Amino acid sequence: MPALAAILALTAGSFQARARDLTPVERDRPIVIASDPWCPYACDPDADGREGYMVDLTREIFEGLGFKVDYRVVNFSMMKRMAKDGSATAVPGMASTMDGAVVLPDLAQGNSANAVALPRTHSFTFAKPQDFERYRLGVIKDYDYGGTLQEYVDQNIQNPDRIFVLSGFGYSHLVQGLRMLSAGRIDMLLDDHNVLRWQVRRMGMQQQLATRSLKDDADLFVGFSQSDPRAPELARIMAEGTRRMRENGRLAAIMRNYGLEEQAALLSN
């Protein structure tokens, strides 16, 4: 705890100038982080015993400045509504502005790619979305996989031989998808690479299932609700905090706590 207190004190001193444009009333308002469980970015503390590395990062940066930070686990649809109406200040794991609903920092808080989980006995090489046409692909309701991949999902969403839509709260959709995959009811499950690896390990299915990155890496951010007038300043604080914690090794240490050794090593180079 003394070491963490020292880190927070250094963080607060580094970013005090960036917070100076906020009024006392704005500084007194909590930073509300809202997310569906998407571990290792944002986790369910009741199920995982932790909040997620992007939540940890955000909490450390803003609590170091004296802000109160609350983390709320909600479903994906609720998270989007909260981001749009401003009842959520911050949403982790954003690859885009969600059609202008959030402001993104100038520096990313992570990077990942889409991936599929599939049986270890199955061979699959991805070059283009049409490579999925021979398979029944599980996807998560309301998720946006980006670019031509999302176009493929949208074009085939009504074809049950190609797309199976999973829905639920918390980890239920991923659990359902991985169980269906293991039982042969779908051929692959599409999600973020780090999320799939986390869930496969969590369910102890490493011997049965593998994950294959689609190599469409994208930066991921903690976004701030456009409906919160503090958003531009909070996004600047987030970018500067992330930059400093990359430089001093603190972000890499947080990531290692979530099994993200490869990403942590990249930050250290």
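Below, each value reflects all heavy atoms present in this structure, side chains not excepted, and no hydrogens, waters or symmetry copies. Here the structure is a predicted model, which means the values were calculated and not measured.
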Would a 4.5 Å heavy-atom cut-off, applied to side chains only, mark [X] and [Y] as touching?
X    : Y    : result
L260 : Y53  : yes
L166 : L189 : yes
R134 : R162 : no
M54  : L220 : yes
Q207 : R120 : no
K141 : F76  : no
P45  : E51  : yes

Once rounded to the nearest 0.5 Å, what's the spacing between atom [atom1] of [X] and atom [atom2] of [Y]?
X    : Y    : atom1 : atom2 : value
M188 : M180 : CE    : CE    : 14.5 Å
S112 : D219 : OG    : CG    : 10.5 Å
Q208 : M203 : CD    : CE    : 9.0 Å
D192 : T211 : CG    : OG1   : 10.5 Å
W198 : C43  : CH2   : SG    : 5.0 Å
D44  : D36  : CG    : CG    : 10.5 Å

Indicate yes or no for a side-chain donor-acceptor contact from [X] to the backbone of [Y] under 3.5 Å, with no hydrogens or angles considered.
X    : Y    : value
Q109 : V222 : yes
S225 : A83  : yes
T23  : E26  : yes

**Ring-face cation of R27 near F67 (centre distance under 6.0 Å, axis angle within 45°)** = yes

Checking [Y] against [X]: is there a side-chain donor and acceptor pair closer than 3.5 Å?
X    : Y    : result
T125 : D131 : no
S227 : D85  : no
D191 : Y143 : no
D48  : Y171 : yes
N114 : D216 : yes
Y41  : N194 : yes

**Item:** Pair R50 + D56: basic N to acidic O under 4.0 Å
**Value:** no

If hydrophobic clusters are built by linking Ile, Leu, Val, Met, Phe, Trp and Tyr wherever their side-chain heavy atoms come under 4.5 Å apart, do [X] and [Y] end up in the same one?
X    : Y    : answer
L22  : V32  : no
I61  : V103 : no
L107 : L234 : no

**Asked** Between D142 and S77, does a side-chain hydrogen bond (donor to acceptor under 3.5 Å, both in side chains) hold up when you go through it step by step?
**Response** CA-CA 8 Å; D142 294 330; S77 296; 3.2 Å; yes

**Prompt:** Counting heavy atoms not belonging to R201, are there more than 12 under 6.0 Å from its CZ?
**Reply:**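 Enclosed.
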
**Request:** Count the heavy atoms belonging to other residues, nucleotides or ligands that lie under 6.0 Å from CD of Q130, then report whether that count exceeds 12.
**Result:** yes

**Request:** Assign the ring pair F132 / F126 to parallel, tilted or perpendicular, where the plane angle (0 to 90°) is split at 30° and 60°.
**Result:** tilted

**Asked** According to the interplanar angle, ranging from 0 to 90°, do the rings of Y135 and H122 count as parallel (below 30°), tilted (30 to 60°) or perpendicular (above 60°)?
**Response** perpendicular

**Non-neighbouring partners of K68 that pass salt bridge (charged side-chain N to carboxylate O under 4.0 Å, His left out), sequence neighbours left out** = D70

